[in-house]
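Throughout, a chain's letter reflects where its sequence line sits, starting with A, and its residues are numbered from 1. As the structure is a prediction and not an experimental result, all values here were calculated from the model.
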Number of protein chains: 4
Amino acid sequence: MVEKITDKKELLQRFRTEGILAAAIKVIAQKGLEKATMEQVAEEAGISKATIYLYFKNKDDLYYHCVMTRFEKIMGLIREALEGIDDPVEKIKVLVITQVKAMEVEKDFFRVFFTERMSLFLDQSTEFGQGFFKKHEEYEGLITSALKEGMDSGTLREIDPKKAFSILFAMIRGMAMFNIICEKRESLSSEAGLILDVFFNGLNPGVRIRPHKVD
Amino acid sequence: MVEKITDKKELLQRFRTEGILAAAIKVIAQKGLEKATMEQVAEEAGISKATIYLYFKNKDDLYYHCVMTRFEKIMGLIREALEGIDDPVEKIKVLVITQVKAMEVEKDFFRVFFTERMSLFLDQSTEFGQGFFKKHEEYEGLITSALKEGMDSGTLREIDPKKAFSILFAMIRGMAMFNIICEKRESLSSEAGLILDVFFNGLNPGVRIRPHKVD
Amino acid sequence: MVEKITDKKELLQRFRTEGILAAAIKVIAQKGLEKATMEQVAEEAGISKATIYLYFKNKDDLYYHCVMTRFEKIMGLIREALEGIDDPVEKIKVLVITQVKAMEVEKDFFRVFFTERMSLFLDQSTEFGQGFFKKHEEYEGLITSALKEGMDSGTLREIDPKKAFSILFAMIRGMAMFNIICEKRESLSSEAGLILDVFFNGLNPGVRIRPHKVD
Amino acid sequence: MVEKITDKKELLQRFRTEGILAAAIKVIAQKGLEKATMEQVAEEAGISKATIYLYFKNKDDLYYHCVMTRFEKIMGLIREALEGIDDPVEKIKVLVITQVKAMEVEKDFFRVFFTERMSLFLDQSTEFGQGFFKKHEEYEGLITSALKEGMDSGTLREIDPKKAFSILFAMIRGMAMFNIICEKRESLSSEAGLILDVFFNGLNPGVRIRPHKVD
DNA sequence: TATGAATGAGCCTTCATTCAT
DNA sequence: AATGAATGAAGGCTCATTCAT
């Protein structure tokens with residue numbers, strides 16, 4: 001009996017939390033982080049400003065959870081997409097495409113994430129920085145292990161996998177940023193192929209081993 | 001005689017402008033954009049808050065000029081470094097290295113630039129956005145033309161040069177961001193070689209045409 | 001029960017609003033509009049500056065409501081005083097006296113109203129101007145209708161009632177201003193009789209139909 | 001010789017002074033007193049901000065002189081218009097009409113004078129207040145003496161001439177204000193007749209001795 | 001005399017955050 | 001648990017005014 005009540009509480013808790021996060025993401029995506037006020041988030045969530053503080057410590061905390069939620073969602077999608085795939089190169093391909101598509105779905109939010117207050121996540125002396133760092137390492141692991149497999153099997157050239165990850169990630173983020181931001185004509189996901197092409201084949205002429213096409 | 005006076009005035013003008021900019025860059029690099037107050041900038045510059053407004057319209061304008069100044073300086077360095085170099089691949093190599101080194105010198109400032117209020121420069125409906133866009137196009141041209149040359153001469157594989165630029169730029173920016181931000185052990189410039197290696201050769205195994213070493 | 005709560009809220013709302021207005025009127029009357037700061041008003045009201053902004057949009061809005069409140073109060077007094085009076089000339093007499101006395105009670109505030117930022121109320125392209133205009137028309141109607149009655153009944157000479165109102169109002173305001181401002185020895189209300197005398201009889205010699213005495 | 005130089009100096013002095021005043025009046029009429037900045041006045045006058053302070057103590061002083069200049073000009077016009085007129089009633093008529101017309105010519109400036117910072121002139125504890133008071137007494141004398149003449153000759157009813165002046169002046173100012181401000185369809189001067197009519201004949205019915213027409 | 005340059009002194013306004021109910 | 005009400009803390013910006021040249 002008591003458990004049920006607890007369950008109910010947890011349910012409500014989760015319900016509220018998610019409602020607030022959804023509202024926050026929407027408002028932040030629309031107005032940008034700085035201009036998004038707690039008031040607006042509360043209004044969008046249909047609750048009172050003070051209530052937000054029952055579920056989140058402060059504005060930074062709220063934003064942090066917005067980002068982490070997105071992050072986790074994307075990680076989930078990636079894991080899902082990777083299921084059943086063995087070929088490391090294929091894995092990476094799927095990874096990139098999934099990632100890129102996921103970001104495209106929430107363009108507006110990621111625009112903010114990429115352009116405002118990233119510092120919040122990068123200062124590892126803070127709770128937020130540490131939390132983000134952990135998630136990021138998990139993500140890094142996902143890609144790094146695929147790269148390693150490729151290198152071990154001889155499909156990929158041997159270079160420091162962490163560095164390879166860094167580069168790949170940089171390409172994704174970089175392309176994402178400018179595609180997201182500049183409202184390019186071509187969809188972001190259509191450029192995933194290009195990223196992969198360069199990442200695998202480079203710009204040198206010669207027999208391209210892996211042409212890539214994204215559906 | 002009259003010229004002299006004008007010169008003096010211009011000199012003072014330039015002196016103040018640069019003094020303020022230097023102060024602003026310092027303060028912003030230290031505290032971040034949001035937390036940097038006009039008061040602090042003024043203090044650092046050894047002048048009064050109101051004086052800043054004689055030289056810059058407002059805080060955004062001040063920051064905009066901070067960024068543009070850095071941009072121009074880097075472009076100057078790049079142009080200088082490119083002098084006398086004919087080989088397109090070599091050009092690109094030099095370009096990347098120069099760029100990366102320049103950013104490293106002002107780590108703290110670029111950390112802010114990459115993580116706070118980039119939106120200011122990306123909204124092309126504003127004066128700031130347009131100004132930045134123009135400079136950026138110039139920069140794009142610098143790299144794109146080198147890439148084109150390489151493609152025309154057959155040294156590089158034919159792909160849309162603008163896209164190639166995007167990717168290269170993304171790699172630089174991405175590596176920069178995370179190296180700058182995460183206080184990695186390795187210096188940013190030492191990774192320029194890696195960037196170039198991947199950019200030219202990709203991760204596929206095979207004969208690497210262009211090994212790169214950065215001094 | 002629910003009603004009670006609402007009532008309480010409304011009560012508090014009204015309480016605060018009136019408290020702030022009273023404080024504002026006091027401070028403004030003392031220091032003048034320009035020199036009266038929101039800080040001072042808040043202090044006088046025993047609340048925080050920010051709280052004022054919960055009840056009024058900005059300083060202009062606050063001042064606007066100060067004026068409108070006075071206006072409404074005076075209109076109320078006039079309506080009350082007119083009750084049971086039928087004779088149009090008597091009505092006008094009462095009107096003028098009531099008005100003049102009411103202004104005298106709040107000399108200091110009306111001094112400010114007459115001498116500072118009247119423009120705020122006179123620019124009908126603004127919300128404030130329109131609000132004021134409406135109230136003023138109501139007030140005009142009150143007097144105009146009395147004047148019309150008088151003209152219809154033959155007690156008063158026929159002239160455009162609106163113009164008659166304008167003149168009467170001008171006299172009141174003019175006398176008020178200079179009596180209020182110049183700290184004349186004679187009380188403002190004692191001059192109401194004079195106003196009425198001239199308004200009805202003019203300066204021409206001849207049988208004065210209506211001598212006026214104000215108690 | 002020395003005198004000539006002094007004269008030249010005086011001439012320049014006067015020239016500058018008048019230039020600044022003209023500029024100030026223009027700017028103030030356009031923007032209102034509060035929004036008119038010393039900078040704008042200087043620009044309009046084609047000189048530097050600092051130069052204004054060579055000729056006027058401060059902004060208030062400048063405004064004061066703007067007003068006094070207008071005042072003196074109007075007094076001059078009135079004196080001129082009164083020349084050769086003997087009939088006191090006629091004098092008053094001319095007085096009112098001249099005054100009203102003069103204000104109409106500089107509507108915009110008088111709008112400001114009537115609605116902003118009149119307090120500056122009304123506080124007789126200040127130099128400005130005293131200066132204004134003196135001029136105003138002179139003006140009062142002009143009208144009062146005409147009124148007295150009329151009373152002495154039996155053309156006008158006997159009442160305290162100062163009070164009669166007050167009332168007449170109130171009517172003029174009041175009508176002026178609302179005509180000036182409200183952009184009434186009828187020209188201000190066309191209402192001078194009405195003012196005079198009421199002032200002389202009142203609203204009582206009966207033989208109107210003095211119908212007034214204004215050209 | 002004229003001015004370019006500099007500034008002191010404030011004030012309004014905004015919000016994230018708290019707390020009594 | 002939820003919130004309406006209140007506020008502390010700051011910061012950008014504007015001008016009138018001064019002064020060295």
Side-chain angles (χ1 to χ4, degrees), chain A residues 8-9 12-13 15-16 34-42 45-63, chain B residues 5-6 8-9 12-13 15-16 20 34-42 45-62, chain C residues 5-6 8-9 12-13 15-16 20 34-42 45-62, chain D residues 8-9 12-13 15-16 34-42 45-63:
Chain A
K8 262 187 189 169
K9 276 190 181 177
L12 185 61
Q13 185 89 356
F15 178 70
R16 275 268 186 266
E34 265 184 299
K35 300 225 167 132
T37 70
M38 297 302 263
E39 182 69 52
Q40 288 164 340
V41 172
I47 59 171
S48 136
K49 218 183 349 177
T51 305
I52 299 179
Y53 287 87
L54 293 179
Y55 298 89
F56 299 93
K57 259 207 297 275
N58 52 36
K59 198 187 179 184
D60 277 357
D61 188 42
L62 175 58
Y63 181 54
Chain B
I5 290 171
T6 310
K8 259 188 190 167
K9 282 188 184 174
L12 186 62
Q13 185 90 356
F15 178 70
R16 275 272 183 264
I20 294 170
E34 267 183 298
K35 300 237 165 120
T37 72
M38 296 302 261
E39 183 69 50
Q40 287 164 343
V41 173
I47 56 171
S48 136
K49 217 189 336 181
T51 304
I52 299 179
Y53 288 88
L54 290 182
Y55 297 89
F56 300 94
K57 264 206 291 278
N58 52 36
K59 198 185 178 185
D60 276 358
D61 189 41
L62 175 58
Chain C
I5 290 171
T6 310
K8 259 187 189 168
K9 281 188 184 173
L12 185 61
Q13 185 90 355
F15 178 70
R16 274 272 183 265
I20 294 169
E34 266 183 299
K35 302 233 166 122
T37 73
M38 296 302 262
E39 183 68 50
Q40 288 163 343
V41 173
I47 58 172
S48 136
K49 218 187 339 179
T51 304
I52 299 179
Y53 287 88
L54 291 182
Y55 297 88
F56 300 93
K57 264 208 290 281
N58 51 37
K59 199 185 176 185
D60 276 359
D61 189 41
L62 176 57
Chain D
K8 261 187 187 168
K9 275 190 180 175
L12 185 62
Q13 184 90 354
F15 178 69
R16 274 270 187 265
E34 266 184 299
K35 301 226 167 132
T37 70
M38 297 301 264
E39 182 69 51
Q40 288 164 340
V41 173
I47 58 171
S48 137
K49 220 186 342 179
T51 305
I52 299 179
Y53 287 87
L54 293 180
Y55 298 89
F56 299 94
K57 260 206 298 275
N58 52 35
K59 198 186 180 186
D60 277 358
D61 188 41
L62 175 58
Y63 181 52

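If you take CG on D/Asp61 and OH on D/Tyr55, they are separated by 14.0 Å, rounding to the nearest 0.5 Å. Once rounded to the nearest 0.5 Å, the distance linking CG of A/Leu54 with CD of A/Gln13 reads 9.0 Å.
Taking atom CD of D/Gln13 as the reference point, atom C1' of E/dA2 lies 13 Å away to the nearest angstrom. If you measure from atom CZ of D/Phe15 to atom C1' of E/dA2, you get 14 Å, rounded to the nearest angstrom. Taking atom OH of residue A/Tyr63 and atom P of nucleotide E/dA16, one finds them 15 Å apart after rounding to whole Å. Atom P of nucleotide F/dC13 and atom CZ of B/Phe56 are separated by 14 Å, given to the nearest angstrom. Atom CD1 of C/Ile52 and atom P of E/dC15 are 18 Å apart (whole Å).
Listed for the B/Lys59 side chain is a donor-acceptor partner under 3.5 Å among the backbone atoms of B/Ala36.
For E/dA2, neither phosphate oxygen OP1 nor OP2 lies less than 4.0 angstrom from any side-chain nitrogen or oxygen of D/Ser48.
Of all the heavy atoms in C/Ala45 and C/Ile20, the pair that sits closest is CB-CA, 4.3 Å. When all heavy atoms of B/Ala42 and B/Ser48 are compared, the pair lying nearest together is CB-C, 3.7 Å. The two residues A/Gln40 and A/Lys35 come nearest to each other via the heavy atoms OE1-O, 3.3 Å.
The side chain of D/Leu54 lies closest to E/dT1 when the candidates are E/dT1, E/dA6, F/dT3. In this structure, of E/dT3, F/dA2, E/dA6, it is F/dA2 that holds the atom nearest to the side chain of A/Leu12.
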Q.
Taking Watson-Crick (N1-N3 plus N6-O4 or O6-N4) and G-U wobble (N1-O2, O6-N3), each under 3.5 Å, can you produce the dot-bracket string of DNA chain E? Use [ ] for crossing pairs and | for inter-strand ones.
A. .||||||||||||||||||||
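Checking each of D/Leu62, D/Thr51, D/Val41 against D/Phe56 for a side chain to side chain contact (heavy atoms under 4.5 Å, CB included) leaves exactly one that passes, namely D/Leu62.
C/Tyr55 comes within contact range of the sugar-phosphate backbone alone, with a heavy-atom separation under 4.0 Å but no base atom that close.
Between A/Arg16 and A/Ile47, some side-chain heavy-atom pair lies under the 4.5 Å cut-off.
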Short heteroatom pairs, N/O only, protein and nucleotides 9-12 of chain F, under 3.5 Å:
{"from": "F/dG12", "atom 1": "OP1", "to": "B/Lys59", "atom 2": "NZ", "distance (Å)": "3.1"}
{"from": "F/dG12", "atom 1": "OP2", "to": "B/Met38", "atom 2": "N", "distance (Å)": "3.2"}

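In this structure, C/Lys57 and B/Ile47 both approach DNA chain E, and ranking their closest nucleotides by distance from the 5' end singles out B/Ile47.
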